[in-house]
Asker: 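Before I ask anything, let me first share the structure, which is written out below as structure tokens.
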Amino acid sequence: MAILTSGVTAGFATNTAAAPATSGVACVVDQNPAGGFLPHNYEMANYTVVDGTHLRLTLNKVHAAQSTVAIGGLCGYGIEQTVDTVAGIRQLFPVVGSCSSTALYYAGGQTAIVGITGQTGGFLNLSATVASIARSANLVTLTATGRFPQDINGLSMTIGGVTDSSYNGTFVVTTTSANTLTYAQAGPDSTSTNGTASILTGGYALYPMAEVLGVMNPATRQVDGQFTLAPNTIAFAANDALEEPHYYQERIAPDSELISQTVPRATGIQYGGISYQGTNATGLIGWRISNDSPALSYLGAGGNHTAPFDALVTTGVWQQTMELDAGLSTVFQIHCNYHGCNRWNSGYNLFLLNSAVGVDLVAYEPQDSTININLRGTGYQFTPQAFSATTINAGTINATTINGPVSGNSITSGAVAAAYLPLLGASGAAHAAGLVPDPGIVTGSSRYLREDGTWSVPGGQNVGGGNLLAGATADYNFLQGTGTSVLDTSGSGNNGTFVSGQAPSWTTTGLAFLPGQGVSLPAALDGTQTYFLGLYINPISAGAQIANQYPILMSSSTGGNGFNFMYDYSPNTQNGFIPNAYAPTFFVNGHTTTVTPNLISGFHVLAAVLGTAGNSTPDRIYIDGVEVASYTGQGSSAGVQTSGNLFLGSSGVNPWTASGFLGTMYRMRTYATPLTPAAVLSISASITNEVAGRGVPVVPVNIQLAAPQLQAIGDSITFGLGVSTPWPSLLTLTNQPAYTITDWGISGIELTAINGSEPNRAALRCHTSAGPSIAVIFAGTNDFALVATAPTAVLMSLLGEVQTMKQAGCKVFVGTMLSRGGNDVGGTLYDANKDAYDALILSQAKAGGADGIIDFAANPLLGADGANQGSYFQSDNIHPNQAGQQLLANAASNVLNYTFGANETSPHVVTTLGYSMTAGDGYISLAGLTGAGTLTLPDCTGQSGASYRINNPQAAFAVAVVPFNTSQLVNGLGSATVPANATLTMRDTPNPKAVSGCHWEM
């Protein structure tokens, strides 16, 4: 047998001199055949070296060309994944050999599950980074920085590395949302940060292994305990224990009945099935398919297995897939899944419907009896309270009440007769809006209707309209529209004064601020213990951002001392902030005290209830009336403002000189005492309703777009720093419409910041009336730069962004990180972070919701370790130059063209060879081929994991397949053959990220 002497994968020998001896025992295994499963057909065989390029093997099995021969090392051992050993029954996988000190090569065949999470085995290796953790009444609540990679409910998770080590240990957890869990632990109430929640199931064991060729003693022709073994490397000794393991490709399934007729069938109806005759009554169930494995076996119920796929599948062409007679009481009765009916993740999809541009869905949430319908990115919702839709077209609407901020501007055509509208409802119990705004529930107060459509109190009077609790020390509605003061409508006379030379701007609905601008508040409000702020926080935009080093809502005239209400996100309590990431935070007497992990933007009502250190009551922060679930840190801030006064926005005192609020304030209300959660909820709702009544959107409003969209979300690389044309403008796309391209690139931006702003930024552009809306997320490198961040934490931020854009209706792709020079803040090489982060993206991004992966780092000129020193990067060793930007565009084009290109239902028919495949040729049909020839595979850079299929349904001509170049070999070889009457599947496989590149595997 000749061995290959060139074109082999790194690590393979090309001369028999590498063998440890001139004869011995070798392990032989076939490579991936056309079916696409992994190395198989394993055996051990005696070998003899013939010469430098030939071996003589004594084989018991037929092997294909290009089989692997391994000699020495771990050849002859079997590996057990111990988590899958049940009742002492082991499953052993034959080991071919070891390819490094930490990896081995085994024959997995169709059961390649060793060390892989989410396959048919029970192996789990999951980890999530702790954003905050708190213990109250012996119950610990943990909030992760992003979504958990799997539903870990009921699993025993190991909590480690928390700053307060009393939280560490192994506990059975209960998940309460996609990124929060709880577990019981006795201990004092407290909070802490940092650490991980992780689980690793099982381990491995190696055993010497021999194949049994027969159990009959050839001398006695009896089965008497003597085995005939294949060649092996085991040094047997008397009394050695022997065990027969489970076959590593065991596959148990029921019979399938094959029914075939060649001539035309009779015109009468033919069917198969079960016919129940005689007496049929209560207790009879006609057909049942049951998974009798307990729910506790599965992820989400305390197990470590993923659920099987389908209970019932019908395929092929039928006029009707199913025909039913209605049951006497019910046609379909659908029970809740094993999550139950009232957990945070009890919801499920009723229907997934393929459309011309993607997948439409109908989903049901049993926990609140809600049906959600999403059609081409447009959402509709049915709840017990209402039907919600962006647009309703109806011939006749019969309605008793129409709620919401409907104004005259809402009527764009037709007419509404004034006779049908009430002029003015009286204040009091029957208060209601008519042609003028609702006068409120409080009766007997003297108020007047302003030109801006609001009820106001004449000077010296106080009124608490709607559900606003009386006793406010100040109430600003920011509706004066002119002047240099904000009026206090509470009657307390606590008017605010614009800062001279740094005044905010009036709008028709509120007061707009820029960094550095401020409004001075009276010192009488220094002792306030409850603040309400109804405001809109501007999300990040694209390109250069307005400088705002320390985003702040209220600042002190004493600078960093006193009480300062920031909205700057801090991952800890050490005064470290993430630029352009917004979360409510208190900065008191020179340092952060009360810190939340809740990233926000857009309209919210924020409430701050200050706690008192003397009576051990902590600060509490509410968003839209609901207290945040956890705190990164929690202090007591009542009474800290002992001198000077507070400002809305910037006080103009260091460190707030050039910082402040970037957004619009609509309502502020203050109380001298701490209010209860019920009061906070009521007042927050009242403020929201009042602001909505001005015509201000209080929830994100989708932008209805006519053209297909492509949104590039990323950092300075996507922005195109240092080049004339960034990669989103260099795409070469096929089989797709002309996109309107939006480049959201921002220099220095982190995924954390993008996450907070996205619901009010790019997510609003996921709705189009024609064609798809694509989002490409290419970010993460900067998340390693400012604070020490694990690659798993960056992945969780990435998957959070994916979910935001997916739920908004976009088709989402994520990009891998490029090579970068230097070390991160923790001293780790950026390239080491790249390798780990990119591996996580490739293995977990699609499970986390991404529709596709653009493996930018698969190009060794951009993604290999040290590539940043090469000719495709600028001198900063971070940013690709113009040629590098073109390589990025090429990779993105490859992925998008593959996604929207030829497939099994719409193949590209090739009749003449040679032909060079493009990235969009996901399925090639050679039906009608007119001659022999060669197919050249496409460039595999970018579309890592993609499968290309070549169907050759004729036997007249041979078809060779060759790679795009010599760096992209097929199974380590320079060519392959499409067998006659067969389909060849080629999988685009990335090389390890340290070296980058890609190759093809069959």
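Keep in mind that this is a model prediction, so the values were computed, not measured.
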Asker: Would you say the side-chain atoms of D831 and S819 include a donor-acceptor pair closer than 3.5 Å?
Answerer: yes
Asker: Assess whether side-chain contact (heavy atoms from CB on, under 4.5 Å) is satisfied between L606 and I600, documenting all intermediate values.
Answerer: CA-CA 10 Å; L606 303 181; I600 58 173; 4.1 Å; yes
Asker: Measure the CG-CD1 distance between L896 and I854 for me, rounded to the nearest 0.5 Å.
Answerer: 5.0 Å
Asker: Once side-chain hydrogen bond (donor to acceptor under 3.5 Å, both in side chains) is applied, what residue pairs with a partner in residues 713-723 remain, sequence neighbours excluded?
Answerer: S716-H879, T718-W727
Asker: Who pairs with T143 by side-chain hydrogen bond (donor to acceptor under 3.5 Å, both in side chains), at least two apart in sequence or on another chain?
Answerer: S630
Asker: Is it true that a side-chain atom of Q517 and a backbone atom of L662 form a donor plus acceptor pair closer than 3.5 Å?
Answerer: no
Asker: Is a side-chain N or O of T196 found less than 3.5 angstrom from the main chain of S127, in a donor-acceptor match?
Answerer: no
Asker: Without swapping roles, check the side chain of R694 against the backbone of T509 for a donor-acceptor pair under 3.5 Å.
Answerer: yes
Asker: Ignoring hydrogens and angles, state whether a donor on the side chain of S724 or Q882 is under 3.5 Å from an acceptor on the partner side chain.
Answerer: yes
Asker: Has S757 got a side-chain atom pairing as donor or acceptor with I540's backbone, closer than 3.5 angstrom?
Answerer: yes
Asker: Y837 and T781: side-chain donor and acceptor closer than 3.5 Å?
Answerer: no
Asker: Given side-chain contact (heavy atoms from CB on, under 4.5 Å), test E627 with V680 step by step and report yes or no.
Answerer: CA-CA 9 Å; E627 186 177 6; V680 170; over 6 Å; no
Asker: Restricting to side chain to side chain contact (heavy atoms under 4.5 Å, CB included), what partner residues turn up for N561, sequence neighbours left out?
Answerer: T558, N589
Asker: Taking T742 for the side chain and Q711 for the main chain, is one N or O donor matched with an acceptor at less than 3.5 Å?
Answerer: no
Asker: Supply the atom-to-atom distance D151 CG to T175 OG1, rounded to the nearest 0.5 angstrom.
Answerer: 4.5 Å
Asker: Sub-3.5 Å donor-acceptor pair from the side chain of N755 to the main-chain atoms of S797, do we have one?
Answerer: yes
Asker: Which heavy atom of A779 sits nearest a heavy atom of L751, and at what distance?
Answerer: O-CD1, 3.7 Å
Asker: T163: what forms a side-chain hydrogen bond (donor to acceptor under 3.5 Å, both in side chains) with it, not counting sequence neighbours?
Answerer: N194
Asker: Going by the side-chain hydrogen bond (donor to acceptor under 3.5 Å, both in side chains) test, name the single residue among T828, D838, D824 that passes it with N833.
Answerer: D824
Asker: Can you confirm whether I546 is buried at CD1, in the sense that more than 12 heavy atoms of other residues, nucleotides or ligands lie under 6.0 Å from that atom?
Answerer: no
Asker: With A788, which residues qualify under side chain to side chain contact (heavy atoms under 4.5 Å, CB included), at least two apart?
Answerer: V825
Asker: Which residue is it: L142, I133, V130? I am looking for the one with a side chain to side chain contact (heavy atoms under 4.5 Å, CB included) to Y167.
Answerer: I133
Asker: Look only at the side chain of Q634 and the backbone of T594, and say whether a donor-acceptor pair between them is shorter than 3.5 Å.
Answerer: no
Asker: With rounding to the nearest 0.5 angstrom, report the OH to CD distance, Y872 to Q886.
Answerer: 10.5 Å
Asker: My understanding is that only residues two or more places apart in sequence, or in another chain, count here; which of them pass side-chain hydrogen bond (donor to acceptor under 3.5 Å, both in side chains) with Q545?
Answerer: S541
Asker: Give every residue pair that meets the salt bridge (charged side-chain N to carboxylate O under 4.0 Å, His left out) criterion with at least one member in residues 740-765, sequence neighbours excluded.
Answerer: E758-R761
Asker: Just by distance, with hydrogens left out, do T585 and D568 show a side-chain donor and acceptor under 3.5 Å apart?
Answerer: no
Asker: Going by the rule side chain to side chain contact (heavy atoms under 4.5 Å, CB included), which residues pair with V787 if we only count those two or more places apart in sequence or in a different chain?
Answerer: P571, I578, T789
Asker: Would you compute the distance between atom CZ of R147 and atom CG of L798 and round it to the nearest 0.5 angstrom?
Answerer: 12.5 Å
Asker: Any idea which heavy atoms bring F778 and T816 closest together, and the distance?
Answerer: CE1-O, 3.1 Å
Asker: What's the verdict on side-chain contact (heavy atoms from CB on, under 4.5 Å) for N782 and R820, showing C-alpha distance, side-chain angles and the deciding distance?
Answerer: CA-CA 10 Å; N782 291 322; R820 178 170 178 167; 3.3 Å; yes
Asker: Could you check L648 against F661 for side-chain contact (heavy atoms from CB on, under 4.5 Å), going step by step and ending with a plain yes or no?
Answerer: CA-CA 8 Å; L648 297 178; F661 177 49; over 6 Å; no
Asker: Short question: side chain of S570, backbone of G576 - any donor-acceptor pair under 3.5 Å?
Answerer: yes
Asker: Just by distance, do the side chain of N760 and the backbone of S601 share a donor-acceptor pair under 3.5 Å?
Answerer: yes
Asker: Tell me which pairs pass salt bridge (charged side-chain N to carboxylate O under 4.0 Å, His left out) where either residue lies in residues 795-806, with sequence neighbours left out.
Answerer: K806-D851
Asker: With sequence neighbours excluded, tell me which residues meet salt bridge (Lys or Arg N to Asp or Glu O under 4.0 Å) with K834.
Answerer: D865
Asker: Could you pull out all residues at least two apart from S996 that satisfy side-chain hydrogen bond (donor to acceptor under 3.5 Å, both in side chains)?
Answerer: none
Asker: Can you tell me how far apart CD (Q709) and OG1 (T768) are? Round to the nearest 0.5 Å.
Answerer: 7.0 Å
Asker: By side chain to side chain contact (heavy atoms under 4.5 Å, CB included), which residues pair with S659, not counting sequence neighbours?
Answerer: N548, Q549, Y550
Asker: Determine the sole option in Y582, F577, F513, Y536 for which the ring-ring contact (aromatic ring centres under 6.0 Å, His included) test with Y567 is passed.
Answerer: Y582
Asker: Quick check on ring-ring contact (aromatic ring centres under 6.0 Å, His included): which of F565, Y631, Y531 does F586 satisfy it with?
Answerer: F565
Asker: Under 3.5 Å, is there a donor-acceptor pair between the side chain of T632 and the main chain of S132?
Answerer: no
Asker: Drop me the distance from L533's CG to Y666's OH, to the nearest 0.5 angstrom.
Answerer: 13.5 Å
